[in-house]
Amino acid sequence: MTITHADTAQIDASVQAVVRRSAELEARIAQDPGAFRVLTGDRPTGPLHLGHYFGTLANRVRLQEAGVELFVLVADYQVLTDRDVADRLPDHVLGLLADHLAIGVDPARSTIFAHSAVPALNQLVLPFLSLVTDAELRRNPTVKEEITASRQAAVSGLMLTYPVHQAADILFCKANLVPVGRDQLPHQEVTRTVARRFNERYGPVFPVPDALLSAAPKLLGTDGGKMSKSRGNAIALSATEDETARLIKRARTDAERLVTYDPDTRPEVSNLVLLAALCQGRDPHEVAAEIGTGGAAALKRTVTEAVNEFLRPIRARRAAYAAEPGELLRVLAEGNARANAVADRTLAEVREAMGMRYAG
Ligand code: TRP
């Protein structure tokens, strides 16, 4: 399966529509945050990094602080989409929890849970699978891309169907808002299709959730490629100051001494400028102008300081949480209990709507 122009065009068209809709949604969130329930999540495959932070994590905390109800999913079953075995799950799950608490997700207001701990959520996948066709599953452009990138010898049934599982992740708690990056838009369409078709077939049970596309600029890895743990080009929230300095020292730049912010013609240099600017809450052009003709060395010094200073309080809080795994597990257990209560209610409604409540 390869990505075609039609796939790219399909994503581009939906991006434009979602960008317009996202602006409307932001206005409504500002007016009435209580009308929204957000579900968002990550696969526990490794530590979260700055790409995650500026791409989605900061937005989660912003929504929580705006008064939106937040569910954060640790998508452990979804790890198995592109690998046979999920490695070191307990470490990665506790790491995700520590990362979220350190950046300000508040377990008193928000629910953090793992989907393997919520049986009723997973049971929703069965009726939901009946609502999509195999052709729809096979033409999902993000799934196609992941199949191409995967090193697995064969395409598993989970790889093809996980977007439907993701619909269960979202619909079990009747979330009506899902903050996403571009690559998740096809999945969001699957969720909307499942919700619509369920409601048409069995009666109104689910909201049709909106995607909220983040306005955050895209951060690249230190090598100029996509920032990703597995490529060794990502600055983890949990990295030490020395590790951070070393990674930035190795970052790719160019031979031009005048530092500018020009992402199209100088992607690597501009990405470093952007990183410093995001950490300092400043305009990237201003940051570049300040470094001026200092060249790559001055740029890297600025970036290293900006990143380490920005992450210092987050890292301190993270270390404190990581030192208390019992506390992290208690937060997870509480989140799981809350998610189970919500999922049990939704599954009861679903079985009722489908005529599957016989003896209780
Ligand atoms: N697919 C998402 C990712 O890889 C993780 C995820 C699983 C998710 N279920 C979700 C995201 C539901 C949003 C909503 O990042």
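Note that ligands are numbered from 1 as they come in the structure, with each ligand's atoms numbered from 1 the same way. Below, all heavy atoms of this structure are taken into account, side chains as well, without hydrogens, waters or symmetry copies.
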inquiry  = Going by ring-ring contact (aromatic ring centres under 6.0 Å, His included), name the pairs with one or both residues in residues 256-283, residues two or more places apart or in two chains.
reply    = Y261-H285

query = Considering residues at least two apart in sequence or located in another chain, which fulfil the side-chain contact (heavy atoms from CB on, under 4.5 Å) criterion with E305?
reply = none

task = Could I get the full list of side-chain contact (heavy atoms from CB on, under 4.5 Å) partners for T304, not counting sequence neighbours?
result = A245, I248, N308

request  = Please work out which of the three classes, parallel, tilted or perpendicular, describes the rings of H165 and H115, given edges at 30° and 60°.
outcome  = parallel

inquiry  = Taking the ring centre of each residue, are F310 and F54 less than 6.0 Å apart?
reply    = yes

Between Y162 and E146: side-chain donor-acceptor atoms closer than 3.5 Å = yes

Are there any protein N or O atoms under 3.5 Å from the N or O atoms of ligand 1? List them with distances, or say none.
from: ligand 1; atom 1: 1 (N); to: Q78; atom 2: OE1; distance (Å): 2.8
from: ligand 1; atom 1: 1 (N); to: Q166; atom 2: OE1; distance (Å): 3.2
from: ligand 1; atom 1: 1 (N); to: Q184; atom 2: OE1; distance (Å): 3.2
from: ligand 1; atom 1: 9 (N); to: D169; atom 2: OD2; distance (Å): 2.8

